[in-house]
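Take a look at the structure set out below.
Every chain is numbered from 1, with letters handed out A, B, ... down the list of sequences.
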There are 2 protein chains.
Amino acid sequence: MRCRTRYRDCKGAPPIEAIPRRRAGITPAREEAEQAFLDAAERLLVSVGYAGITTRKVAEEAGLNHGLVHYYFGSMQELLLQVLERFTDRLVERQREMYAAPGPFIEKWRTAMRYLDEDEDSGYAKIWYELQAMGWNDPEIRKRVARITRVWYDVIDEALTKAMDEYGLDRSTFSSEAIVTLVGTFNMGIHLQRLSGVNWGHRELLRAIDGWLVQLEAAKAQRESAKKPA
Amino acid sequence: MRCRTRYRDCKGAPPIEAIPRRRAGITPAREEAEQAFLDAAERLLVSVGYAGITTRKVAEEAGLNHGLVHYYFGSMQELLLQVLERFTDRLVERQREMYAAPGPFIEKWRTAMRYLDEDEDSGYAKIWYELQAMGWNDPEIRKRVARITRVWYDVIDEALTKAMDEYGLDRSTFSSEAIVTLVGTFNMGIHLQRLSGVNWGHRELLRAIDGWLVQLEAAKAQRESAKKPA
DNA sequence: GGACGCCTTGGTCAATTGACTAAATACCAC
DNA sequence: GTGGTATTTAGTCAATTGACCAAGGCGTCC
């Protein structure tokens, strides 16, 4: 059943043609333009949130024609999904890189805590939590968010398990699984609170943890120096 | 400058008349209808999120005429603010009640952890985090959210400070402020993850904390029984 | 240098939205 | 029951939105 209106059958009709899908040969210009859209969408996530993103706004922000959104991505939903995709890929890569690096655990921890501040200032956190909030009402996005959270956990789990052994921490009361969950959730909570403008106690908590790790490092060094000479 | 269109000057004109404000004498029927709108808005927060709420949907959900939204509340924004107001009042009241109740700390903790599950099932958590997400892009709502978070912290702080003294916990490394922040943030993080469908490690963490509290309670009981006979 | 196909521009369209209102109705004191 | 006020209904309106398209531009290969 063809469209009776000038352009299309406006309700319930199947799409006349398939969405133009990603082909192998994309010109550099097109690639650049698509990235510009994704960048623009990220900036809008920071400045107005996911609910305020429209095809026109994202095109204006990217300095491109709004018709291109549908030509490139087929729909607004697909554009946002690709934002999520690109963002989470970067997130996981950074996380892996950080914990895979050599050095004592406390170094890695401090790097992670530095990210806590950096991500807030750069808008990285806002993007990530906006995407998550989108997922609360969109199964496809939620699924992806859950997958990334899981990967994130696995990476921390590995690092923490190793660290607990090194520090000789008892795992009978607090398993590494429990600690990982605690770290993962408190990290999210801190970001969440900061998005609401709450900063109370954060510095205090981070300093306490850092102090505790310093103690653990010292104890570890002592154990090792006591063992070697003997 | 009066409206040239049939109804109003549609851009930039000041409101012709003040928004009908809350008067002293509201009939019970009106009160009931307003509550029905607030209830409906909460249900929509659960089912579609804040971005999906419109005057027409909220009216349909409440089984009332959509014109009433503006007659009662003046604007969609005001309706949502009143949802926030009512919701946070209830939240704080429950929190205060819980920690003010008599009984050992571990009891209160367990009640709080029970809420963690209950709130998820009842949609309470979804409402609260949708409202928070709204606040990320709305200063007025963010301010209110921050205030409530602060009150929430104060209540926990009082209970935790007392508990740490009772349990004889050292406060030199982890101050009560740090612990409160840890508890507050990990609680938020757990909710956040569950909204994304992530449950990994939660049970493990909660069980670990509970086990630890049991130990602390036992040690406290021992101390007291050792003191009394002497 | 002409044909061909991809890209881009600058629109249009139906649907939906918040805001708003006039007219009808319900309710109340007298 | 009558007059007046408050509430309710059933709309209207401008603006905005996602989706979509036609026509012309542009690069490339023959």
Side-chain angles (χ1 to χ4, degrees), chain A residues 2-34 36-37 41 44 48 50-81, chain B residues 2-34 36-37 41 44 48 50-81:
Chain A
R2 202 63 176 75
C3 184
R4 294 217 155 275
T5 61
R6 177 98 171 268
Y7 286 136
R8 57 169 170 151
D9 194 348
C10 298
K11 209 165 184 178
I16 285 143
E17 205 182 344
I19 293 159
R21 283 264 36 96
R22 186 57 36 88
R23 284 128 307 164
I26 317 161
T27 66
R30 160 109 183 217
E31 180 60 30
E32 195 183 341
E34 288 189 10
F37 273 118
L44 286 177
V48 298
Y50 75 91
I53 298 185
T54 66
T55 48
R56 277 157 237 261
K57 268 192 216 150
V58 87
E60 194 197 280
E61 179 71 34
L64 295 164
N65 190 283
H66 78 265
L68 293 178
V69 171
H70 278 84
Y71 185 70
Y72 289 166
F73 300 96
S75 71
M76 196 61 216
Q77 156 91 352
E78 177 61 25
L79 191 158
L80 289 171
L81 271 170
Chain B
R2 202 67 176 73
C3 184
R4 294 219 154 273
T5 62
R6 176 94 172 271
Y7 287 136
R8 57 169 169 150
D9 192 350
C10 299
K11 210 165 184 179
I16 285 143
E17 204 182 346
I19 294 159
R21 283 263 38 96
R22 186 56 37 85
R23 283 128 308 163
I26 317 160
T27 65
R30 160 107 183 220
E31 180 60 30
E32 196 184 342
E34 288 189 10
F37 273 117
L44 286 177
V48 298
Y50 75 90
I53 299 186
T54 65
T55 49
R56 285 160 170 85
K57 268 193 215 148
V58 86
E60 194 197 282
E61 178 72 34
L64 295 164
N65 190 283
H66 78 266
L68 293 177
V69 171
H70 278 83
Y71 185 70
Y72 289 166
F73 300 97
S75 72
M76 197 61 215
Q77 156 92 351
E78 176 61 25
L79 191 157
L80 288 171
L81 270 170

Taking the side chain as every heavy atom from C-beta outward, state whether Glu34(A) and Phe73(A) have any atom pair closer than 4.5 Å. yes

Any chance CD of Glu60(A) has more than 12 other-residue heavy atoms, nucleotides or ligands included, within less than 6.0 Å? no

Quick one: does Phe37(A)'s side chain get under 4.5 Å of Leu68(A)'s, heavy atoms only? yes

Starting the side chain at C-beta, find the nucleotide from dA19(C), dG11(C), dG10(C) nearest to Met76(B). dA19(C)

Under 4.0 Å between a side-chain N/O of Tyr71(B) and OP1 or OP2 of dA6(D), yes or no? no

So, does Tyr72(A) get its side chain near the phosphate of dC7(C), meaning an N or O under 4.0 Å from OP1 or OP2? no

Value in whole Å for how far the P atom of dT9(D) lies from CG of Leu64(B): 7 Å

Whole-Å distance between dC7(C) C1' and Phe73(A) CZ? 15 Å

N/O donor-acceptor pair, side chain His66(B) with base dG11(D), under 3.5 angstrom: yes

For Leu79(A), which contact category applies under a 4.0 Å heavy-atom criterion: base, sugar-phosphate, or nothing? nothing

How many angstroms lie between CG in Leu64(A) and OH in Tyr72(A), if you round to the nearest 0.5 Å? 6.5 Å

Want to settle it: does Lys57(A) or Gly67(A) sit nearer the 5' end of DNA chain D, counting the closest nucleotide to each? Lys57(A)

Which one, dG18(D), dA10(D), dT12(D), comes nearest to the side chain of Arg56(B)? dT12(D)

Under 4.0 angstrom between Thr55(A) side-chain N/O and dG18(D) OP1 or OP2: yes

What distance separates Arg56(B) CZ from Asn65(B) CG, expressed to the nearest 0.5 Å? 10.0 Å

Nearest-Å distance for atom pair CD1/P, residues Ile53(B) and dA19(C): 14 Å

When all nucleic acid strands are considered with a 4.0 Å heavy-atom cut-off, which category describes Leu68(A): base, sugar-phosphate, or nothing? base

Protein-nucleotide distance (Glu60(B), atom CD; dG18(C), atom P), rounded to Å: 13 Å

Would you please confirm or rule out a distance under 4.0 Å between OP1 or OP2 of dA19(C) and any side-chain N or O of His70(B)? yes

Take the protein atom CG of Asn65(B) and the nucleotide atom P of dA6(D), then report the distance between them rounded to whole Å. 20 Å

